[in-house]
There are 2 protein chains.
Amino acid sequence: MDRKPLARRAGQLKAASSMSENPLNLYFRLFNEIGIIGQLSRSLLEAHLPPRFLLQHFAVLNHLVRVKDGQMPLHLARAFQVPKTSMTHTLAILAKAGLVELRDNPDDGRSKCVWITEAGKAFRRNAIDNLAPDITRLVAKIPAGHIDTLLPLLTELRCILDTDRDEV
Amino acid sequence: MDRKPLARRAGQLKAASSMSENPLNLYFRLFNEIGIIGQLSRSLLEAHLPPRFLLQHFAVLNHLVRVKDGQMPLHLARAFQVPKTSMTHTLAILAKAGLVELRDNPDDGRSKCVWITEAGKAFRRNAIDNLAPDITRLVAKIPAGHIDTLLPLLTELRCILDTDRDEV
DNA sequence: CTTTTTTAGTACGATATCGAACTATATAAT
DNA sequence: ATTATATAGTTCGATATCGTACTAAAAAAG
């Protein structure tokens, strides 16, 4: 990133954070690393999914089990930060594969509820079982505590980005 | 994630890292947060790009300026962890828009070199200038030092994922 | 020097992504 | 009660993504 100074406040921050890099650079590097890790982790998981299934298919099933079954498509789209149209497409694929069941929402004629099926639960479990050795290998390579340090900071960053976006 | 124990070693790790969560859960949460931050940061940047331009278009231009101009498509694909076909498509769009120039590699008849144009540099600069206020707002919200803590840990994780993938 | 193998980039086609616009339903305003 | 506005999900179409297979060129093997 070029060294053109930002607002005066940014100059102040330079001293507070990194002596050698302005915050714009820092954030670009941060988001770049995150983008690449995202793709690497997606490849890691997708290697263990049946052909033609992708990370988002697994992620939806996982969310229904881990967070709450029977959610509305809109809530799922928000949880994963994708447009409604993307979630509509993903759910159509999952329903067609028999991994979820879309039922009308009795409380709201406009909306649907997404329920995971037994086949969906089995799909998710198989993916997790197949991925476990890879994660075990990662665990062996990454020092204990680093993930514990990363997670809360990433969660904070995600919350701030989420909130910041709504403010604009 | 279910609480089914992993290999015996994982049981040992549980005590070492998190007392309440097995490592598979930890990594799933980690990758999930990263995936969402990736999408949020992509939206943040794409809001400041001209219509029909996406993060990867900017990222390639940025890479050519920040890292090295005149790189080969294969190197760019590797740098961004995308398949060759994805990079071919991205570069075709950029070339069509006059933001990069594809020239034959004088040392290797099979390959091309990607050079950023003046229009490409202006495109990148405009995006950065337009993004600066958003980043400044983030800087104000995220405690100093958190990014400094995050970056090296993410870089380490990315390197390990990169190397681990090549080992399989 | 010739042949075989590997590599860089592309073409093709199938599928994913997603903005715009739509319908049906719910909520808010009158 | 009626009308206006907002919302949930979908359809459509344009574009992005990417695996497979291809061509042309380079490197390796013989």
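Since this is a predicted model, take the numbers as computed values, not measurements. First the proteins, then the strands, lettered A, B, ... as listed; each starts at 1.
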Checklist entry - B:Gln71 CD to C:dG9 C1': how many Å, rounded? => result 16 Å

Item to check | Protein-nucleotide distance (B:Leu49, atom CG; C:dG19, atom P), rounded to Å | outcome: 13 Å

Next on the checklist: Side chains of B:His48 and B:Asp134 only: does a donor on one sit below 3.5 Å from an acceptor on the other?
Outcome noted: yes

Item to check | Protein-nucleotide distance (B:Asn105, atom CG; C:dT7, atom P), rounded to Å | outcome: 17 Å

Checklist entry - Transitively linked via ILVMFWY side-chain contacts under 4.5 Å: B:Leu99 with B:Ile93? => result no

Checklist entry - Side-chain heavy atoms under 4.5 angstrom apart, residues restricted to Ile, Leu, Val, Met, Phe, Trp, Tyr: same cluster for A:Tyr27 and B:Leu49? => result yes

Checklist entry - For A:Leu55 and D:dT17, what is the distance between atoms CG and P respectively, to the nearest whole Å? => result 16 Å

Next on the checklist: Does C:dT17 have OP1 or OP2 under 4.0 Å away from a side-chain N or O of A:His89?
Outcome noted: no

Checklist entry - Would A:Leu76 and A:Leu64 satisfy side chain to side chain contact (heavy atoms under 4.5 Å, CB included), going step by step from the backbone distance to the final call? => result CA-CA 9 Å; A:Leu76 292 171; A:Leu64 294 175; 4.2 Å; yes

Checklist entry - Can you get from B:Leu138 to B:Leu45 by hopping between Ile, Leu, Val, Met, Phe, Trp and Tyr side chains that sit under 4.5 Å apart? => result yes

Item to check | Closest-nucleotide ordering on DNA chain D, the 5'-leading residue of A:Arg42 and B:Pro106 | outcome: A:Arg42

Checklist entry - Do B:Arg158 and B:Glu156 sit within salt-bridge range, that is, some charged N less than 4.0 Å from a carboxylate O? => result no

Checklist entry - To the nearest Å, how far apart are A:His57 NE2 and C:dT15 P? => result 12 Å

Item to check | Residues B:Glu33 and A:Thr155: side-chain donor-acceptor under 3.5 angstrom | outcome: yes

Checklist outcome for this item: d(A:Phe123 CZ, A:Ile128 CD1) to nearest 0.5 Å is 10.5 Å

Item to check | Nucleotide D:dA25, atom P - distance to CG of B:Asp104 in whole Å | outcome: 10 Å

Item to check | Rounded distance (Å) that lies between atom C1' of C:dG19 and atom CG of B:Leu54 | outcome: 12 Å

Checklist entry - Given that A:Gln56 and A:Gly109 both sit by DNA chain C, which one's nearest nucleotide is further toward the 5' end? => result A:Gln56

Checklist entry - At how many degrees, to 10°, do the end axes of the helix from C:dC1-D:dG30 to C:dT30-D:dA1 meet when each uses five pairs? => result 30°

Item to check | Side chain to side chain, A:Leu30 and A:Leu157, heavy atoms closer than 4.5 Å | outcome: yes

Checklist entry - Could you write nucleotides 6-14 of chain D as a row of B, S and -, 5' to 3', where a protein heavy atom under 4.0 Å of any base atom gives B, of only sugar-phosphate atoms gives S, and otherwise -? => result -BBBBB---

Checklist outcome for this item: To the nearest angstrom, the CZ-P distance between B:Phe80 and D:dC18 comes to 14 Å

